[in-house]
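Keep in mind it's a predicted model, so treat the numbers as computed, not measured. A note on names: the letters A, B, ... follow the listed sequences, proteins ahead of strands, and every chain is numbered from 1.
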2 protein chains.
Amino acid sequence: MIRRSLRAGAPLLQAMEQLKTVGLRPTRQRLALAQLLFERSSRHVTAEQLHGEARGAAVRVSLATVYNTLHQFTSAGLLREVVIDPGRSYFDTNTSDHHHFYDQAHCALSDIPGHAVSLAFLPQAPDGSVVERVEVIVHIRKVPR
Amino acid sequence: MIRRSLRAGAPLLQAMEQLKTVGLRPTRQRLALAQLLFERSSRHVTAEQLHGEARGAAVRVSLATVYNTLHQFTSAGLLREVVIDPGRSYFDTNTSDHHHFYDQAHCALSDIPGHAVSLAFLPQAPDGSVVERVEVIVHIRKVPR
DNA sequence: ATAGTTAATTAGAACCATTCTAATCTATTG
DNA sequence: CAATAGATTAGAATGGTTCTAATTAACTAT
Ligand SMILES: [Mn+2]
Ligand SMILES: [Mn+2]
Ligand SMILES: [Zn+2]
Ligand SMILES: [Zn+2]
(Lines give C-alpha, C1' and ligand atoms only; values in the text may rest on other atoms or scores of the structure.)
(Ligands and ions follow the chains in the order given, each with its own letter.)
Protein backbone atom coordinates (compact mmCIF):
# COMPACT_ATOMS: atom_id res chain seq x y z
CA MET A 1 0.00 0.00 0.00
CA ILE A 2 2.59 2.45 1.12
CA ARG A 3 5.08 1.32 -1.45
CA ARG A 4 2.44 1.66 -4.15
CA SER A 5 1.52 5.17 -3.08
CA LEU A 6 5.14 6.16 -3.04
CA ARG A 7 5.72 4.84 -6.53
CA ALA A 8 2.57 6.43 -7.85
CA GLY A 9 3.41 9.65 -6.09
CA ALA A 10 5.57 11.25 -8.73
CA PRO A 11 3.18 11.20 -11.71
CA LEU A 12 0.27 12.03 -9.43
CA LEU A 13 1.99 15.10 -8.06
CA GLN A 14 2.95 16.06 -11.59
CA ALA A 15 -0.68 15.75 -12.65
CA MET A 16 -1.84 17.88 -9.71
CA GLU A 17 0.70 20.48 -10.68
CA GLN A 18 -0.51 20.50 -14.28
CA LEU A 19 -4.13 20.87 -13.27
CA LYS A 20 -3.39 23.61 -10.78
CA THR A 21 -1.45 25.64 -13.32
CA VAL A 22 -4.30 25.51 -15.83
CA GLY A 23 -6.90 26.35 -13.19
CA LEU A 24 -8.77 23.06 -13.04
CA ARG A 25 -9.66 21.51 -9.69
CA PRO A 26 -7.66 18.34 -9.15
CA THR A 27 -10.55 15.95 -8.73
CA ARG A 28 -10.16 12.20 -8.42
CA GLN A 29 -11.45 11.76 -11.99
CA ARG A 30 -9.25 14.37 -13.61
CA LEU A 31 -6.17 13.14 -11.78
CA ALA A 32 -6.80 9.56 -12.87
CA LEU A 33 -7.42 10.55 -16.48
CA ALA A 34 -4.34 12.77 -16.52
CA GLN A 35 -2.22 9.86 -15.33
CA LEU A 36 -3.65 7.50 -17.93
CA LEU A 37 -3.09 10.09 -20.62
CA PHE A 38 0.37 11.33 -19.74
CA GLU A 39 2.20 8.43 -18.11
CA ARG A 40 2.91 7.09 -21.57
CA SER A 41 4.28 9.29 -24.30
CA SER A 42 2.53 10.41 -27.47
CA ARG A 43 -0.89 8.81 -27.39
CA HIS A 44 -3.81 9.29 -29.74
CA VAL A 45 -6.97 8.25 -27.94
CA THR A 46 -10.69 8.55 -28.44
CA ALA A 47 -13.04 9.32 -25.57
CA GLU A 48 -14.44 5.79 -25.64
CA GLN A 49 -10.94 4.31 -25.56
CA LEU A 50 -9.90 6.37 -22.58
CA HIS A 51 -13.14 5.57 -20.80
CA GLY A 52 -12.44 1.88 -21.40
CA GLU A 53 -8.93 2.22 -20.01
CA ALA A 54 -10.22 3.98 -16.93
CA ARG A 55 -12.73 1.22 -16.31
CA GLY A 56 -9.99 -1.34 -16.84
CA ALA A 57 -7.92 0.44 -14.20
CA ALA A 58 -10.87 0.40 -11.79
CA VAL A 59 -11.29 4.16 -12.01
CA ARG A 60 -14.96 5.06 -11.64
CA VAL A 61 -15.67 7.85 -14.09
CA SER A 62 -18.56 8.55 -16.41
CA LEU A 63 -18.24 8.92 -20.16
CA ALA A 64 -19.59 12.46 -19.85
CA THR A 65 -16.73 13.35 -17.55
CA VAL A 66 -14.23 11.81 -19.94
CA TYR A 67 -15.59 14.05 -22.69
CA ASN A 68 -15.61 17.10 -20.40
CA THR A 69 -12.08 16.41 -19.28
CA LEU A 70 -10.71 15.84 -22.77
CA HIS A 71 -12.20 19.14 -23.92
CA GLN A 72 -10.97 21.00 -20.85
CA PHE A 73 -7.47 19.59 -21.28
CA THR A 74 -7.59 20.60 -24.93
CA SER A 75 -8.65 24.16 -24.08
CA ALA A 76 -5.88 24.29 -21.51
CA GLY A 77 -3.30 23.26 -24.11
CA LEU A 78 -2.55 19.90 -22.49
CA LEU A 79 -4.06 18.02 -25.45
CA ARG A 80 -4.67 18.59 -29.12
CA GLU A 81 -7.76 17.39 -30.96
CA VAL A 82 -7.16 15.61 -34.27
CA VAL A 83 -10.06 15.40 -36.69
CA ILE A 84 -9.24 12.83 -39.29
CA ASP A 85 -11.94 10.22 -39.15
CA PRO A 86 -15.54 11.06 -39.97
CA GLY A 87 -17.50 10.75 -36.75
CA ARG A 88 -14.67 10.15 -34.29
CA SER A 89 -12.30 12.58 -32.61
CA TYR A 90 -8.80 11.69 -31.49
CA PHE A 91 -7.05 13.48 -28.66
CA ASP A 92 -3.31 13.76 -28.95
CA THR A 93 -1.05 13.97 -25.90
CA ASN A 94 1.69 15.38 -28.09
CA THR A 95 1.06 19.11 -28.20
CA SER A 96 4.37 20.00 -29.77
CA ASP A 97 4.60 21.04 -33.40
CA HIS A 98 4.18 17.83 -35.36
CA HIS A 99 2.21 16.12 -38.11
CA HIS A 100 0.66 12.72 -38.73
CA PHE A 101 0.73 9.58 -40.74
CA TYR A 102 -2.75 8.14 -41.04
CA ASP A 103 -3.66 4.65 -42.11
CA GLN A 104 -7.34 4.94 -42.89
CA ALA A 105 -7.92 1.21 -43.28
CA HIS A 106 -6.68 0.61 -39.74
CA CYS A 107 -7.63 3.97 -38.15
CA ALA A 108 -3.99 4.21 -37.07
CA LEU A 109 -2.39 7.58 -36.32
CA SER A 110 1.33 8.06 -35.83
CA ASP A 111 3.48 11.12 -35.39
CA ILE A 112 5.80 12.92 -37.78
CA PRO A 113 8.13 15.33 -35.97
CA GLY A 114 7.49 18.93 -36.97
CA HIS A 115 11.07 19.48 -38.07
CA ALA A 116 10.81 16.53 -40.47
CA VAL A 117 8.46 18.45 -42.74
CA SER A 118 9.31 21.75 -44.32
CA LEU A 119 7.00 23.58 -46.62
CA ALA A 120 7.27 26.56 -48.88
CA PHE A 121 4.08 28.55 -49.33
CA LEU A 122 3.24 30.87 -52.06
CA PRO A 123 -0.41 31.54 -51.11
CA GLN A 124 -1.18 34.18 -48.55
CA ALA A 125 -4.03 33.51 -46.18
CA PRO A 126 -7.24 35.00 -47.61
CA ASP A 127 -7.59 38.72 -46.99
CA GLY A 128 -8.57 39.56 -43.44
CA SER A 129 -7.39 36.26 -42.00
CA VAL A 130 -4.25 34.96 -40.41
CA VAL A 131 -2.64 31.51 -40.36
CA GLU A 132 -3.12 29.75 -37.07
CA ARG A 133 -1.62 26.33 -37.70
CA VAL A 134 -0.50 24.18 -40.61
CA GLU A 135 -1.50 20.56 -40.41
CA VAL A 136 0.05 17.92 -42.65
CA ILE A 137 -1.59 14.51 -42.90
CA VAL A 138 0.25 11.83 -44.83
CA HIS A 139 -2.25 9.18 -45.79
CA ILE A 140 -0.59 5.80 -45.96
CA ARG A 141 -1.66 2.32 -46.88
CA LYS A 142 -0.24 -1.01 -45.72
CA VAL A 143 1.22 -3.08 -48.51
CA PRO A 144 2.17 -6.78 -48.59
CA ARG A 145 5.88 -7.16 -47.90
CA MET B 1 -39.45 24.86 -72.60
CA ILE B 2 -37.56 23.92 -75.70
CA ARG B 3 -35.05 26.69 -75.23
CA ARG B 4 -34.52 25.59 -71.66
CA SER B 5 -33.92 22.00 -72.68
CA LEU B 6 -31.49 23.07 -75.35
CA ARG B 7 -29.55 25.23 -72.96
CA ALA B 8 -29.52 22.55 -70.29
CA GLY B 9 -28.49 19.98 -72.86
CA ALA B 10 -24.76 20.47 -72.72
CA PRO B 11 -24.16 19.95 -69.01
CA LEU B 12 -26.73 17.17 -68.94
CA LEU B 13 -25.01 15.28 -71.73
CA GLN B 14 -21.70 15.87 -70.03
CA ALA B 15 -23.10 14.43 -66.80
CA MET B 16 -24.46 11.37 -68.64
CA GLU B 17 -21.07 10.87 -70.19
CA GLN B 18 -19.38 11.06 -66.78
CA LEU B 19 -21.77 8.57 -65.22
CA LYS B 20 -21.48 6.16 -68.11
CA THR B 21 -17.71 6.15 -68.01
CA VAL B 22 -17.68 5.31 -64.28
CA GLY B 23 -20.32 2.61 -64.70
CA LEU B 24 -23.21 4.25 -62.86
CA ARG B 25 -26.69 4.25 -64.34
CA PRO B 26 -27.67 7.77 -65.35
CA THR B 27 -30.78 8.05 -63.23
CA ARG B 28 -32.82 11.22 -62.89
CA GLN B 29 -31.46 11.73 -59.37
CA ARG B 30 -27.79 11.18 -60.20
CA LEU B 31 -28.00 13.41 -63.27
CA ALA B 32 -29.59 16.22 -61.28
CA LEU B 33 -27.05 15.92 -58.47
CA ALA B 34 -24.16 15.80 -60.95
CA GLN B 35 -25.40 19.00 -62.53
CA LEU B 36 -25.77 20.75 -59.19
CA LEU B 37 -22.30 19.59 -58.18
CA PHE B 38 -20.38 20.23 -61.37
CA GLU B 39 -22.03 23.17 -63.09
CA ARG B 40 -20.10 25.46 -60.74
CA SER B 41 -16.41 25.03 -60.14
CA SER B 42 -14.72 23.92 -56.95
CA ARG B 43 -17.44 23.37 -54.41
CA HIS B 44 -17.23 21.97 -50.92
CA VAL B 45 -20.65 20.68 -49.93
CA THR B 46 -22.14 18.57 -47.22
CA ALA B 47 -24.84 16.00 -47.93
CA GLU B 48 -27.44 18.11 -46.18
CA GLN B 49 -26.45 21.20 -48.19
CA LEU B 50 -26.71 19.38 -51.50
CA HIS B 51 -30.03 17.88 -50.48
CA GLY B 52 -31.27 21.38 -49.67
CA GLU B 53 -30.11 22.68 -53.05
CA ALA B 54 -31.83 19.84 -54.84
CA ARG B 55 -35.08 20.55 -53.03
CA GLY B 56 -34.68 24.23 -53.86
CA ALA B 57 -34.30 23.30 -57.52
CA ALA B 58 -37.47 21.17 -57.34
CA VAL B 59 -35.49 17.97 -57.75
CA ARG B 60 -37.20 15.20 -55.83
CA VAL B 61 -34.49 13.11 -54.22
CA SER B 62 -34.15 11.53 -50.81
CA LEU B 63 -31.35 12.26 -48.39
CA ALA B 64 -30.35 8.59 -48.52
CA THR B 65 -29.83 8.89 -52.26
CA VAL B 66 -27.78 12.04 -51.80
CA TYR B 67 -25.50 10.14 -49.43
CA ASN B 68 -25.35 7.12 -51.74
CA THR B 69 -24.56 9.32 -54.71
CA LEU B 70 -21.87 11.33 -52.93
CA HIS B 71 -20.13 8.14 -51.87
CA GLN B 72 -20.46 6.57 -55.30
CA PHE B 73 -19.08 9.68 -56.97
CA THR B 74 -16.23 9.65 -54.48
CA SER B 75 -15.42 6.00 -55.19
CA ALA B 76 -15.52 6.79 -58.88
CA GLY B 77 -13.02 9.61 -58.45
CA LEU B 78 -15.49 12.35 -59.35
CA LEU B 79 -15.41 13.77 -55.82
CA ARG B 80 -13.06 13.84 -52.89
CA GLU B 81 -14.15 13.58 -49.27
CA VAL B 82 -12.66 16.11 -46.87
CA VAL B 83 -12.75 15.27 -43.17
CA ILE B 84 -12.03 18.41 -41.24
CA ASP B 85 -15.01 19.02 -39.02
CA PRO B 86 -15.95 16.59 -36.28
CA GLY B 87 -19.26 15.02 -37.25
CA ARG B 88 -19.63 16.50 -40.74
CA SER B 89 -18.13 15.41 -44.06
CA TYR B 90 -17.45 17.74 -46.93
CA PHE B 91 -17.38 16.58 -50.52
CA ASP B 92 -15.06 18.43 -52.82
CA THR B 93 -15.70 18.77 -56.55
CA ASN B 94 -12.06 19.61 -57.08
CA THR B 95 -10.30 16.26 -57.44
CA SER B 96 -7.04 17.71 -58.65
CA ASP B 97 -4.00 17.82 -56.42
CA HIS B 98 -4.71 20.65 -54.00
CA HIS B 99 -4.90 21.62 -50.35
CA HIS B 100 -7.18 23.69 -48.11
CA PHE B 101 -7.54 26.73 -45.98
CA TYR B 102 -9.97 26.07 -43.17
CA ASP B 103 -11.64 28.67 -41.01
CA GLN B 104 -12.94 26.63 -38.12
CA ALA B 105 -15.01 29.43 -36.61
CA HIS B 106 -16.98 29.78 -39.85
CA CYS B 107 -16.71 26.18 -41.12
CA ALA B 108 -15.34 27.68 -44.34
CA LEU B 109 -13.15 25.64 -46.68
CA SER B 110 -11.21 27.14 -49.58
CA ASP B 111 -8.70 25.73 -52.00
CA ILE B 112 -4.94 26.08 -52.20
CA PRO B 113 -3.58 24.96 -55.57
CA GLY B 114 -1.32 21.93 -55.26
CA HIS B 115 1.60 23.67 -56.92
CA ALA B 116 1.43 26.47 -54.34
CA VAL B 117 2.68 24.16 -51.62
CA SER B 118 5.95 22.30 -51.81
CA LEU B 119 7.19 20.10 -49.06
CA ALA B 120 10.42 18.36 -48.29
CA PHE B 121 10.07 15.14 -46.35
CA LEU B 122 12.65 13.41 -44.37
CA PRO B 123 10.45 10.69 -42.81
CA GLN B 124 9.78 7.53 -44.74
CA ALA B 125 6.36 5.98 -44.45
CA PRO B 126 6.38 3.38 -41.66
CA ASP B 127 7.80 0.04 -42.72
CA GLY B 128 5.41 -1.98 -44.84
CA SER B 129 3.31 0.99 -45.91
CA VAL B 130 3.27 3.38 -48.80
CA VAL B 131 2.25 7.04 -49.10
CA GLU B 132 -1.10 7.46 -50.76
CA ARG B 133 -1.70 11.19 -50.49
CA VAL B 134 -0.38 14.20 -48.62
CA GLU B 135 -2.99 16.55 -47.28
CA VAL B 136 -2.15 20.04 -46.07
CA ILE B 137 -4.70 21.96 -44.04
CA VAL B 138 -3.91 25.57 -43.22
CA HIS B 139 -6.04 26.59 -40.30
CA ILE B 140 -6.86 30.27 -40.51
CA ARG B 141 -8.70 32.73 -38.33
CA LYS B 142 -10.50 35.92 -39.34
CA VAL B 143 -8.99 39.03 -37.81
CA PRO B 144 -10.40 42.57 -37.53
CA ARG B 145 -9.04 44.69 -40.37
C1' DA C 1 -41.95 -3.29 -77.78
C1' DT C 2 -41.90 -6.83 -73.85
C1' DA C 3 -40.50 -9.48 -70.20
C1' DG C 4 -37.08 -10.53 -67.20
C1' DT C 5 -33.28 -9.04 -64.57
C1' DT C 6 -30.52 -6.11 -62.08
C1' DA C 7 -29.73 -1.82 -59.94
C1' DA C 8 -31.44 2.37 -57.69
C1' DT C 9 -34.49 4.94 -54.81
C1' DT C 10 -37.07 5.67 -50.77
C1' DA C 11 -39.24 6.43 -46.04
C1' DG C 12 -38.39 5.57 -41.96
C1' DA C 13 -35.94 3.22 -38.40
C1' DA C 14 -31.58 2.42 -36.40
C1' DC C 15 -27.01 3.78 -35.17
C1' DC C 16 -23.55 5.91 -32.50
C1' DA C 17 -20.41 9.47 -31.14
C1' DT C 18 -21.22 13.39 -28.80
C1' DT C 19 -23.71 16.87 -26.07
C1' DC C 20 -27.13 18.28 -22.85
C1' DT C 21 -29.88 18.36 -18.49
C1' DA C 22 -30.74 18.82 -13.99
C1' DA C 23 -29.94 16.41 -9.79
C1' DT C 24 -26.24 15.08 -6.70
C1' DC C 25 -21.75 15.43 -4.94
C1' DT C 26 -17.15 17.54 -3.94
C1' DA C 27 -13.43 20.86 -3.54
C1' DT C 28 -12.48 25.26 -1.96
C1' DT C 29 -12.94 29.39 0.81
C1' DG C 30 -13.96 32.07 4.76
C1' DC D 1 -17.67 23.90 9.80
C1' DA D 2 -20.77 26.27 6.82
C1' DA D 3 -21.50 28.35 2.33
C1' DT D 4 -20.54 28.49 -2.41
C1' DA D 5 -18.83 27.57 -6.73
C1' DG D 6 -17.50 23.95 -9.50
C1' DA D 7 -17.61 18.99 -10.98
C1' DT D 8 -19.72 14.59 -11.77
C1' DT D 9 -23.34 11.72 -13.19
C1' DA D 10 -27.18 8.85 -15.37
C1' DG D 11 -29.86 9.10 -18.67
C1' DA D 12 -32.11 11.57 -22.34
C1' DA D 13 -31.53 14.14 -26.46
C1' DT D 14 -29.14 15.39 -30.72
C1' DG D 15 -27.73 15.06 -35.36
C1' DG D 16 -25.13 13.35 -39.09
C1' DT D 17 -24.92 9.09 -41.22
C1' DT D 18 -26.14 4.32 -42.37
C1' DC D 19 -29.31 0.51 -42.77
C1' DT D 20 -33.58 -2.04 -44.11
C1' DA D 21 -36.77 -3.86 -46.91
C1' DA D 22 -40.27 -2.51 -50.04
C1' DT D 23 -41.01 -0.02 -54.41
C1' DT D 24 -39.56 1.80 -58.68
C1' DA D 25 -36.63 2.43 -62.65
C1' DA D 26 -32.97 1.22 -65.97
C1' DC D 27 -31.00 -2.16 -68.74
C1' DT D 28 -30.69 -6.59 -71.61
C1' DA D 29 -32.22 -10.11 -74.47
C1' DT D 30 -35.58 -11.53 -77.06
MN1 LIG E 1 -14.98 18.76 -29.64
MN1 LIG F 1 -18.25 8.38 -45.74
ZN1 LIG G 1 0.25 13.22 -32.76
ZN1 LIG H 1 -10.98 21.68 -52.27
Side-chain angles (χ1 to χ4, degrees), chain A residues 12-13 15-34 36 44-55 58-76 78-79 81-91 104 107 109, chain B residues 12-13 15-34 36 44-55 58-76 78-79 81-91 104 107 109:
Chain A
L12 197 134
L13 286 178
M16 289 193 89
E17 199 61 29
Q18 273 181 319
L19 293 180
K20 199 158 280 181
T21 60
V22 301
L24 291 171
R25 290 186 179 178
T27 63
R28 174 178 60 77
Q29 293 87 341
R30 291 208 271 235
L31 286 169
L33 294 175
L36 288 172
H44 305 96
V45 290
T46 66
E48 301 269 5
Q49 272 171 24
L50 183 58
H51 187 234
E53 278 185 37
R55 305 232 47 202
V59 173
R60 295 191 329 286
V61 59
S62 71
L63 184 56
T65 294
V66 172
Y67 274 105
N68 290 342
T69 301
L70 288 171
H71 286 135
Q72 290 152 355
F73 284 10
T74 301
S75 297
L78 265 38
L79 291 176
E81 191 172 356
V82 180
V83 176
I84 216 169
D85 199 79
R88 198 183 314 287
S89 264
Y90 288 90
F91 292 87
Q104 168 155 306
C107 292
L109 264 181
Chain B
L12 196 133
L13 286 178
M16 290 194 89
E17 199 61 29
Q18 273 182 319
L19 292 180
K20 199 159 281 183
T21 59
V22 301
L24 291 171
R25 290 184 179 179
T27 63
R28 173 178 62 74
Q29 291 88 341
R30 291 207 272 234
L31 287 169
L33 294 174
L36 287 171
H44 305 97
V45 289
T46 66
E48 302 269 4
Q49 273 171 23
L50 183 59
H51 187 234
E53 279 185 34
R55 304 231 47 199
V59 173
R60 295 190 329 285
V61 58
S62 71
L63 184 56
T65 294
V66 172
Y67 274 104
N68 290 341
T69 300
L70 287 172
H71 285 137
Q72 290 152 355
F73 284 10
T74 301
S75 297
L78 266 39
L79 291 176
E81 191 172 357
V82 180
V83 176
I84 217 168
D85 199 78
R88 199 184 313 290
S89 265
Y90 288 90
F91 292 86
Q104 168 156 307
C107 290
L109 262 181

- Message: Does dT19(C) have OP1 or OP2 under 4.0 Å away from a side-chain N or O of H71(A)?
- Response: yes
- Less than 4.5 Å apart, any side-chain heavy atom of F91(A) and any of V82(A)? no
- What's the NE2-P distance between H51(B) and dG16(D), to the nearest Å? 13 Å
- Does OP1 or OP2 of dT9(C) have a side-chain N or O of R30(B) closer than 4.0 Å? yes
- Query: When you match R28(B) and K20(A) each to their closest nucleotide on DNA chain C, which lands nearer the 5' end?
  - Reply: R28(B)
- Note on the structure: R88(A) CZ to dG16(D) P, in whole Å, measures 18 Å
- Going by heavy atoms closer than 4.0 Å, what residues in residues 60-70 of chain B are next to DNA chain D? L63(B), A64(B), Y67(B)
- Taking atom P of dC16(C) as reference, at what distance in whole Å does atom CG of D85(A) sit? 14 Å
- Task: Check the distance between dA27(C)'s C1' and L31(A)'s CG and give it to me in whole angstrom.
- Result: 12 Å
- Query: Distance-only, no hydrogens or angles: does the R28(A) side chain make a donor-acceptor pair with backbone N or O of R60(A) under 3.5 Å?
  - Reply: yes
- Note on the structure: Looking only at dT9(C), dT17(D), dT8(D), the nucleotide nearest the S89(B) side chain is dT17(D)
- Mind calculating the distance between CD (E81(A)) and P (dT18(C)) to the nearest angstrom? 8 Å
- Task: Evaluate side-chain contact (heavy atoms from CB on, under 4.5 Å) for L70(B) paired with V66(B), printing each intermediate quantity in order.
- Result: CA-CA 6 Å; L70(B) 287 172; V66(B) 172; 3.9 Å; yes
- Message: Between E48(B) and L24(B), which residue's closest nucleotide on DNA chain D lies nearer the 5′ terminus?
- Response: E48(B)
- Should Y90(B) and L109(B) be marked as a side-chain contact (heavy atoms from CB on, under 4.5 Å) after you check the CA-CA gap, both sets of side-chain angles, and the distance that decides it? CA-CA 9 Å; Y90(B) 288 90; L109(B) 262 181; 3.9 Å; yes
- Task: Determine whether the side chains of Q29(A) and T65(A) contain a donor N or O and an acceptor N or O closer than 3.5 Å.
- Result: no
- Message: Counting C-beta onward and ignoring hydrogens, is there a side-chain heavy-atom pair between F73(B) and N68(B) closer than 4.5 Å?
- Response: no
- Query: Quick check, are the ring centers of H51(A) and Y67(A) under 6.0 angstrom apart?
  - Reply: no
- To the nearest angstrom, the OH-C1' distance between Y90(A) and dT18(C) comes to 15 Å
- Message: Under a plain distance cut-off of 3.5 Å, with no hydrogens placed, do Q72(A) and R30(A) share a side-chain donor-acceptor pair?
- Response: yes
- Item | Reference residue V83(B); test side chain to side chain contact (heavy atoms under 4.5 Å, CB included); the match among D85(A), I84(A), V83(A) | V83(A)
- Expressed in angstrom and rounded to an integer, what is the separation of Q29(B) atom CD from dA26(D) atom C1'? 11 Å
- Item | Integer-rounded Å distance: dG16(D) C1' and L50(B) CG | 15 Å
- Describe the nucleic acid contact of R25(A) in one word from base, sugar-phosphate, nothing, applying a heavy-atom distance below 4.0 Å. base
- Message: Report for the helix from dA1(C)-dT30(D) to dG30(C)-dC1(D): angle between first-end and last-end helix axes, five pairs each, rounded to 10 degrees.
- Response: 30°
